[in-house]
There are 2 protein chains.
Amino acid sequence: MALSDIAPDIQPARSHAAKRVSILEAATDVFCREGYAGANIDMIAAEAGVSRQTIYNHHGDKEKLFVAVVRALTERANAGIFATLATFPDHPADIEAELVAFAVRLNRNCICNSDGKYLRKLLEAEGQRYPELFAGWRQDGPGKIWAALAARFARLAHGGHLDVDDPDVAARQFMALINADLHVSMVLGEQLGEERVREAAKNAVRTFLRAYGRPSALPRQSRTVN
Amino acid sequence: MALSDIAPDIQPARSHAAKRVSILEAATDVFCREGYAGANIDMIAAEAGVSRQTIYNHHGDKEKLFVAVVRALTERANAGIFATLATFPDHPADIEAELVAFAVRLNRNCICNSDGKYLRKLLEAEGQRYPELFAGWRQDGPGKIWAALAARFARLAHGGHLDVDDPDVAARQFMALINADLHVSMVLGEQLGEERVREAAKNAVRTFLRAYGRPSALPRQSRTVN
DNA sequence: AATTTTTTAGACAGCGTTGTCTAATTCGTC
DNA sequence: GACGAATTAGACAACGCTGTCTAAAAAATT
């Protein structure tokens, strides 16, 4: 009962927070692997190295746990995307090389990493069942990302580096081209190496610049067909 | 016992085949809506207008039923894609208009229709769990489709209609561009109208031709930026 | 060292699902 | 109309999962 005066408000346990994280990680894994209905609490408990009761203590409910998982996932994923977006080449010296590097970062850090894969999978699997959960993702995720990316392209166009008439369309197409080669491989769960990602980015940017590049910015790259 | 001589080999019942189809349709629906683990036989039976026992009579097992569903789905989807692929404009008079029309057909008949959506969803949800099932789809589906589409583009290039150096890449990028605008909307289950599909196809083909079009084939379309 | 809180293992009821079985019924054929 | 095959409704056991509970163990705080 006596409240000591030094460090009075320290949380009851330290392991508490660590276990919460560990539970969330394991739950993310299992929910994504097995789907909501296929996942069971014992699996999650075993994978988290925690007793089943502890999970109920922390999250109260299978559904609440699922919601917590999706929230954490979307927040992390959005943060990662915007962090990568901040590395967009606003004043490119070599636009092709810098766009390729940017595309590689985008693929590596946002789309091919586990958060991206997990989020896509949960979205496809349970999106219909929890529309309100994923509507938030959609607004804060793709909505803002496309807008932000479109603004970057518009600025590049204004600076004379690109010839873009509809930046929104260009942004969506850029994302689509980035993923063109990788999507099917990822769905099947293949692990794709760095060079594969780089190749995909190079192809995407090359086509993107053939479509939207300024004639003056292109010509150093040979474009003859053999 | 007495085998009458006329029409001896007629199947025992006619409703048999109809019910099999109806079961498969309902099972496809339910498996895609609820996932494998979340689907239950009673749901499927109710949706098929059939008793639970009949399902077991026809397919024996929940897992066998699932396999049958995926097989039917992949076969139908592949057939549909190749049928649409046969309408590719091999000798285009107006390449942009004909590619747009082709893209619209591809989207409407193969990607946005229920088979396409269902297949993608099942693939994402259960692909890891049944790799052998979906490996077949991957080989006969995207593998052959990309090759076939690439061959078409190569022929267009050879005929002087396109400037394509790597037809495989071009084919994948064409598919990716086609889907750029629609994918997110579809995942969330929105119903997209004809004009939306048409708009997406127009944007995709325009960019594709800006990247791969022959200079001589392009210029009639004004490309000035305001 | 004592105390309080958290965690654990295990048992437990309640519920839903799968797959089987049986008896009644429907359907198409003869 | 009578026969045989398929279908149906319902009951049923076996099983797995959720969520709760209890008593023991572990961890941290005092």
Side-chain angles (χ1 to χ4, degrees), chain A residues 1-27 29-31 33-69 126 129-130, chain B residues 1-27 29-31 33-69 126 129-130:
Chain A
M1 299 271 195
L3 293 168
S4 58
D5 28 13
I6 301 176
D9 290 327
I10 285 181
Q11 279 75 352
R14 194 141 19 100
S15 166
H16 215 58
K19 286 198 192 269
R20 176 173 240 105
V21 169
S22 150
I23 290 171
L24 239 76
E25 278 174 9
D29 246 44
V30 174
F31 276 133
R33 219 175 41 230
E34 316 283 343
Y36 179 79
N40 72 41
I41 304 289
D42 291 313
M43 252 186 247
I44 298 174
E47 198 157 318
V50 151
S51 91
R52 180 169 64 250
Q53 184 63 41
T54 303
I55 294 183
Y56 284 104
N57 288 343
H58 277 261
H59 294 97
D61 202 340
K62 186 181 180 183
E63 182 152 355
K64 289 202 191 79
L65 175 59
F66 179 73
V67 170
V69 163
E126 320 285 350
R129 191 185 312 286
Y130 298 88
Chain B
M1 297 266 198
L3 295 167
S4 56
D5 26 16
I6 301 178
D9 289 328
I10 284 182
Q11 280 75 354
R14 194 138 21 99
S15 166
H16 213 59
K19 288 197 192 270
R20 176 174 240 105
V21 170
S22 150
I23 290 172
L24 239 72
E25 279 174 8
D29 245 45
V30 174
F31 276 133
R33 220 175 40 228
E34 318 282 343
Y36 179 80
N40 72 41
I41 304 289
D42 291 314
M43 251 187 248
I44 298 174
E47 197 157 318
V50 152
S51 91
R52 179 169 66 251
Q53 184 63 42
T54 303
I55 294 183
Y56 285 104
N57 287 344
H58 278 260
H59 294 97
D61 201 340
K62 186 181 180 182
E63 182 151 357
K64 290 203 192 78
L65 176 60
F66 179 73
V67 171
V69 162
E126 321 285 350
R129 190 185 313 286
Y130 298 87

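Chain naming here is simple, since letters A, B, ... match the order of the sequence lines and numbering starts at 1 in each.
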| How long is the gap from CD1 on A:Ile41 to OG1 on A:Thr54, to the nearest 0.5 Å? | 12.0 Å
| task | Grab the NE2-P distance between B:His59 and C:dT18 for me, whole Å please. | result | 16 Å
| query | What is the distance from OH of A:Tyr36 to P of D:dC17, rounded to the nearest Å? | reply | 14 Å
| note | In this structure, CG of B:Leu24 is separated from CD1 of B:Ile55 (nearest 0.5 Å) by 10.0 Å
| query | Within the structure shown, what part of the strands sits under 4.0 Å from A:Ala39 by heavy-atom distance: base, sugar-phosphate, or nothing? | reply | sugar-phosphate
| said: In the structure I gave you, are the side-chain heavy atoms of B:Ile23 and B:Leu65 within less than 4.5 Å of one another anywhere? | reply: yes
| message | Check the phosphate of D:dT18 against A:Lys64, side-chain N and O only, distance under 4.0 Å to OP1 or OP2. Yes or no? | response | no
| Salt bridge A:Glu47-A:Arg33, side-chain N to carboxylate O under 4.0 Å | yes
| Pairwise distance NZ(B:Lys19) to CG(B:Asn57) - rounded to 0.5 angstrom | 11.5 Å
| Is A:Lys62 positioned over the aromatic face of A:Tyr36, cation under 6.0 angstrom from the ring centre and no more than 45 degrees off axis? | yes
| query | What integer distance in Å separates A:Leu65:CG from D:dC17:P? | reply | 16 Å
| request: Working to the nearest 0.5 Å, report the span between CD of B:Gln53 and NE2 of B:His58. | output: 10.5 Å
| task | Specify the residues of residues 40-48 of chain B, ordered by number, for which at least one heavy atom lies under 4.0 angstrom from an atom of DNA chain D. | result | none
| query | What distance separates A:His59 NE2 from A:Asp61 CG, expressed to the nearest 0.5 Å? | reply | 11.0 Å
| task | Kindly say if B:Lys19 contacts the phosphate of C:dC27, meaning a side-chain N or O under 4.0 Å from OP1 or OP2. | result | no
| Nucleic acid contacts - residues 51-58 of chain B versus DNA chain D, non-hydrogen atoms under 4.0 Å | B:Ser51, B:Arg52, B:Gln53, B:Thr54, B:His58
